[in-house]
Amino acid sequence: MRWMLTILTLTLLFGKTVNAEEPELVEVNATIYCSGTTTADGSPIREGICAVAPEHIGETVLIYTLDRELLGIWEAKDTGGESVKKGNVIDVYFESEKAGKEFIDRTYENGAMGKVLVQYVPAAG
């Protein structure tokens, strides 16, 4: 059911069907940040933004647990330290440390140790 909702959401957002059976997922470590004013692309910092490797700036990012439960959808507008720039880490912005901690706690469930699955969706247009 979650996959069907995800496909419907992506179809409505991007006007095309996504292959639900084998989406390209990349395993990375998840971290959070709660400070800053401007992203790498010049946008004001806000919730809903994540830091990724530079080649993914401008893409939509779906983040899943290792059990493939959707944690959320973010916009790739920022870059981070060397691990983020190499694509080994995704850094998700939260306005409060409490919200960020709740996100990170979910990435440690079932022995995942902070690892998540990430799907990069190119921007429409």
Side-chain angles (χ1 to χ4, degrees):
M1 180 68 171
R2 287 190 180 132
W3 282 107
M4 290 173 36
L5 291 173
T6 301
I7 292 166
L8 176 61
T9 301
L10 290 173
T11 301
L12 292 173
L13 286 173
F14 301 107
K16 54 186 166 183
T17 303
V18 176
N19 180 356
E21 292 180 28
E22 294 186 38
E24 183 178 348
L25 300 174
V26 178
E27 186 177 305
V28 298
N29 288 312
T31 58
I32 62 159
Y33 64 115
C34 300
S35 63
T37 56
T38 308
T39 65
D41 80 346
S43 302
I45 198 79
R46 62 173 171 74
E47 284 210 15
I49 288 176
C50 63
V52 297
E55 63 267 20
H56 295 296
I57 293 290
E59 295 182 347
T60 299
V61 182
L62 288 80
I63 303 177
Y64 301 88
T65 65
L66 293 182
D67 295 331
R68 296 185 184 227
E69 179 182 338
L70 182 64
L71 291 171
I73 301 172
W74 283 266
E75 294 178 75
K77 292 185 160 285
D78 211 355
T79 57
E82 285 305 309
S83 293
V84 173
K85 289 178 182 170
K86 290 179 181 177
N88 301 329
V89 173
I90 187 161
D91 204 7
V92 182
Y93 179 81
F94 288 92
E95 289 181 9
S96 74
E97 288 183 29
K98 180 182 179 190
K101 183 179 178 336
E102 289 171 5
F103 172 83
I104 288 300
D105 286 347
R106 300 232 8 238
T107 71
Y108 273 80
E109 290 177 357
N110 301 324
M113 302 303 292
K115 293 196 179 295
V116 294
L117 298 172
V118 174
Q119 181 181 9
Y120 297 101
V121 180

same_hphob_cluster([X], [Y]) at 4.5 Å side-chain heavy-atom cutoff:
X: Val121; Y: Leu25; value: yes
X: Leu70; Y: Leu117; value: yes
X: Tyr64; Y: Leu66; value: yes
X: Leu62; Y: Val118; value: no
X: Phe94; Y: Val28; value: yes

If you look at every heavy atom in [X] and [Y], which pair is closest and at what distance?
X: Ile49; Y: Pro44; answer: CD1-O, 3.7 Å
X: Ala99; Y: Ser96; answer: N-OG, 3.1 Å
X: Ile45; Y: Gly36; answer: CG2-O, 3.0 Å

Do Tyr120 and Val61 come within less than 4.5 Å of each other through their side chains, counting heavy atoms only?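 Yes, side chains in contact.
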
Tyr93 and Thr39: side-chain contact (heavy atoms from CB on, under 4.5 Å), yes or no, with the steps? CA-CA 10 Å; Tyr93 179 81; Thr39 65; over 6 Å; no

Does CD belonging to Glu97 count more than 12 external heavy atoms closer than 6.0 Å?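 No, because the 6.0 Å sphere around CD of Glu97 holds 12 heavy atoms or fewer from other groups.
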
Donor-acceptor pairs under 3.5 Å, side chain of residues 50-59 to any protein atom, not counting sequence neighbours: which ones?
unit_1	atom_1	unit_2	atom_2	d
His56	ND1	Glu59	OE1	2.7

Distance from Arg46 atom CZ to Lys77 atom NZ, nearest 0.5 Å?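 So the CZ of Arg46 and the NZ of Lys77 are separated by 6.5 Å.
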
Once rounded to the nearest 0.5 Å, what's the spacing between atom NZ of Lys115 and atom CD of Glu27?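 Answer for the NZ-CD pair, Lys115 versus Glu27, is 5.5 Å.
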
Review item, side-chain donor-acceptor pairs of residues 80-92, under 3.5 Å, at least two apart:
unit_1	atom_1	unit_2	atom_2	d
Asp91	OD1	Thr31	OG1	2.8
Asp91	OD1	Ile32	N	3.3

Show the atom names and distances, to 0.1 Å, of all donor-acceptor pairs under 3.5 Å that link a side chain in residues 103-114 to residues at least two apart or in another chain.
unit_1	atom_1	unit_2	atom_2	d
Asp105	OD1	Lys101	NZ	3.3
Asp105	OD2	Lys101	NZ	3.1
Arg106	NH2	Glu69	OE2	2.4
Thr107	OG1	Ile104	O	2.7
Asn110	ND2	Asp67	OD2	2.7

